[in-house]
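We count ligands from 1, going down the list as the structure has it; atoms in each ligand are counted the same way. Each residue takes its place number in the sequence, starting with 1.
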Amino acid sequence: MSKVHIFDHPLIQHKLTIMRQTSTGPKEFRELLEEISMLMVYEVTRDLPTVDVEIETPICKTTQKMLAGKKLGIVPILRAGLGMVDGIMNLVPACRIGHIGLYRDPQTLEPVEYYCKLPADAEERELLLLDPMLATGGSASDAITLIKKRGCKHIRLVNLIAAPEGIAKVQHDHPDVDIYVAGLDSHLNDHGYIVPGLGDAGDRLFGTK
Ligand code: PRP
Ligand code: URA
């Protein structure tokens, strides 16, 4: 069974509360999502391995630590996952970016795939799959299946807000994928929206409604 990591850091919780509010417009929403993503990736990458390297400071030679092991890749799920990219790139500028295009059919709530482009060496990377919302879990689960079909084995799912239903689905379908969330909400409403949630993340991010 995969682990669920919930971030209870006061800065993250404060920023998430502002994002949830109806009165928060697209500009502030985008900025806050970028900031929270940066704070989250700091913790998501906490267990990355390091290696000792010998360097020379202006004072002396010394052995210090640098990142080792698999290189990182990030894969935002379009559209809303795009809002998490810049915050992560601020901290991990060398990571490569793939894109998965999925939208949730409003009637069936089933995900519909329309795009997938991953880094050429994606299967050798530790991949962070990004999407602010984990609702039914259909989109995230399908995206993980898609990535796995391309040979990728090391995947972490990073969401801003999750519903218990989405977590259960991903854990059932992909017990090897750990989930990192800033907020674990109560349930889904009849339209598949997270309650209390923040509404439609893509629309709020891009001002399309
Ligand atoms: C939203 C969200 C997730 C999905 C979550 O995207 O960004 O991708 O819904 O729902 P699920 O867990 O029930 O699958 P949406 O389909 O609205 O597409 P958009 O980002 O293009 O607006
Ligand atoms: N997608 C969203 O953007 N918000 C939800 O609450 C559920 C799915």
Does the N159 side chain pair with the main chain of I161, one donor and one acceptor, at a distance under 3.5 Å?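 No.
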Check if P132 has a non-hydrogen atom at a distance under 4.0 Å from any atom of ligand 2. no
Heavy atoms of the protein only: does one fall short of 4.0 Å from atom 11 (P) of ligand 1? yes
Protein contact to atom 1 (N) of ligand 2 [nearest heavy atom, distance to 0.1 Å]: M133 CB, 4.1 Å
Of the side chain and backbone of A80, name the one, both, or neither that has a heavy atom under 4.0 Å from an atom of ligand 1. both
Hydrophobic cluster membership, M38 vs I97, 4.5 Å side-chain cutoff: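 Shared cluster, yes.
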Side chain or backbone of A201 under 4.0 Å from ligand 2, or both, or neither, by non-hydrogen atoms? both
Under 4.0 Å and counting heavy atoms only, is there anything from the protein next to atom 3 (C) of ligand 1? yes
For the 3.5 Å polar cut-off, considering only N or O atoms, please tell me whether T136 and ligand 1 meet it. yes
Quick one: does NZ or CZ of R104 land under 6.0 Å from the six-membered ring centre of Y114, within 45 degrees of the ring axis? no
Please state which protein non-hydrogen atom is closest to atom 8 (C) of ligand 2 and give its distance, to 0.1 Å? R104 NH2, 3.5 Å
Minimum-distance protein heavy atom relative to atom 5 (C) of ligand 2: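 The closest one turns out to be Y193 CD2, 3.3 Å.
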Considering only the protein, which heavy-atom contact is closest to atom 6 (O) of ligand 2, and what is its distance? I194 N, 2.8 Å
What residue and heavy atom of the protein are closest to atom 19 (P) of ligand 1, and at what distance?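 Of every protein heavy atom, R79 NE, 3.6 Å lies nearest to atom 19 (P) of ligand 1.
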